[in-house]
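The structure appears below as structure tokens.
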2 protein chains.
Amino acid sequence: MDLVGIYQCLCDRTRLRILHLLGQGPLCVCHFQKILQEPQVKVSKHLGYLRARGMVRSDRRGNWMIYSLQAKPSRELAANLACLQDCAREDPVFQRDLERLRKLSPGFAESSPCCRAATVHR
Amino acid sequence: MDLVGIYQCLCDRTRLRILHLLGQGPLCVCHFQKILQEPQVKVSKHLGYLRARGMVRSDRRGNWMIYSLQAKPSRELAANLACLQDCAREDPVFQRDLERLRKLSPGFAESSPCCRAATVHR
DNA sequence: TGTCAATATACCCGTAATGGAATATACCTG
DNA sequence: CAGGTATATTCCATTACGGGTATATTGACA
């Protein structure tokens with residue numbers, strides 16, 4: 001993906017919030033729904049947009065799809081994602097998202113059972 | 001302008017090239033036309049887009065409009081413009097633009113008579 | 001196999017963006 | 001004022017985007 005493509009991914013608020021959150025580690029769709037408080041179809045479509053452009057990858061884990069940032073980002077992509085994280089540090093919306101993320105699944109970052117903590121898993 | 005607005009400005013190839021060039025200093029529309037090799041209306045409209053969003057400013061100098069980057073960019077804007085300059089260092093299109101810029105008006109960076117060197121100023 | 005939960009896709013609509021052709025505006029100069 | 005140059009704007013067609021509703025797909029599990 002070239003530089004323009006990167007910026008096209010970044011130029012929507014929902015996608016920005018998604019990418020910012022993914023900076024913390026992999027997340028599944030239900031997490032995004034809860035943190036962003038946006039309808040499922042909206043979250044799913046933006047994730048699809050990012051995946052179609054190679055910005056994120058998705059892995060199925062049972063019923064859930066786990067999204068994560070591209071493993072080997074280009075120099076350009078890495079630089080811009082770092083810039084995003086930096087800019088987000090002062091933005092209340094991004095910070096609130098981080099708060100919600102921490103409340104949802106403490107210590108999710110490495111541990112895999114993504115949706116265990118967030119959903120009623122009968 | 002918020003972060004999304006910044007990325008919206010950056011998500012078009014022509015605007016990216018314009019902003020990259022403006023990193024070298026103020027330029028007038030005719031310079032952009034010659035360097036980008038794009039029609040006048042296209043250049044002018046993208047410049048208008050950037051100006052409407054406060055990304056660049058314009059100053060009239062006789063017949064010519066001199067465009068320059070915003071004097072006091074926000075932290076976010078400054079960070080992203082720096083990131084752009086960094087990414088452009090490896091991109092042949094951006095580098096070719098710089099080449100053309102240098103050929104057009106050597107030593108323009110500080111000196112003001114923007115279009116003196118580039119146009120036949122009878 | 002049937003049902004349920006999680007996610008994705010199809011379809012539709014309103015809006016914005018892009019680009020070109022033609023025209024308008026602003027300024028300079030004689 | 002007239003004519004020319006530089007730039008902006010208007011109009012138009014095309015396309016992309018964002019969001020919503022409804023529906024389809026996928027996998028788990030009884």
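Residue numbers start from 1 in every chain, and the chains themselves are labelled A, B, ... in the order their sequence lines are given, proteins ahead of strands.
- Across dC27(C), dA8(D), dT7(C), the shortest atom-to-atom separation from the side chain of R60(B) is found for dC27(C).
- Between the C1' atom of dT25(D) and the CE atom of M65(A) lies a distance of 11 Å, rounded to the nearest Å.
- Looking only at atom types and distance, the side chain of D59(B) has no donor-acceptor partner in the side chain of Y67(B) under 3.5 Å away.
- Checking side-chain atoms of D86(B) against main-chain N and O of A82(B) turns up no donor-acceptor pair under 3.5 Å.
- Taking the nucleotide of DNA chain D with the nearest heavy atom to each of G62(A) and Q8(A), the more 5' of the two is matched to Q8(A).
- To the nearest angstrom, C1' of dA5(C) lies 8 Å from CH2 of W64(A).
- Within the 4.5 Å cutoff, side-chain heavy atoms of L3(A) are placed close to those of L84(B).
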Protein N or O to nucleotides 19-23 of chain C N or O, pairs below 3.5 Å:
unit_1: dG19(C); atom_1: OP1; unit_2: K42(B); atom_2: NZ; d: 3.2
unit_1: dG19(C); atom_1: OP2; unit_2: H46(B); atom_2: NE2; d: 2.7
unit_1: dG19(C); atom_1: N7; unit_2: K45(B); atom_2: NZ; d: 3.1
unit_1: dG20(C); atom_1: O6; unit_2: K45(B); atom_2: NZ; d: 2.4

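- With Y49(A) as the aromatic partner, R51(A) does not meet the cation-pi criteria of under 6.0 angstrom to the ring centre and within 45 degrees of the ring axis.
- With a 6.0 Å radius and a threshold of 12 heavy atoms from other residues, nucleotides or ligands, R57(B) has its CZ atom at or below the threshold.
- An OP1 or OP2 oxygen of dT18(C) is reached within less than 4.0 angstrom by a side-chain nitrogen or oxygen of R15(B).
- Residue N63(B) places its side chain closer to dG4(D) than to any other of dT7(C), dT7(D), dG4(D).
- With sequence neighbours left out, R15(B) forms a salt bridge (Lys or Arg N to Asp or Glu O under 4.0 Å) with no residue at all.
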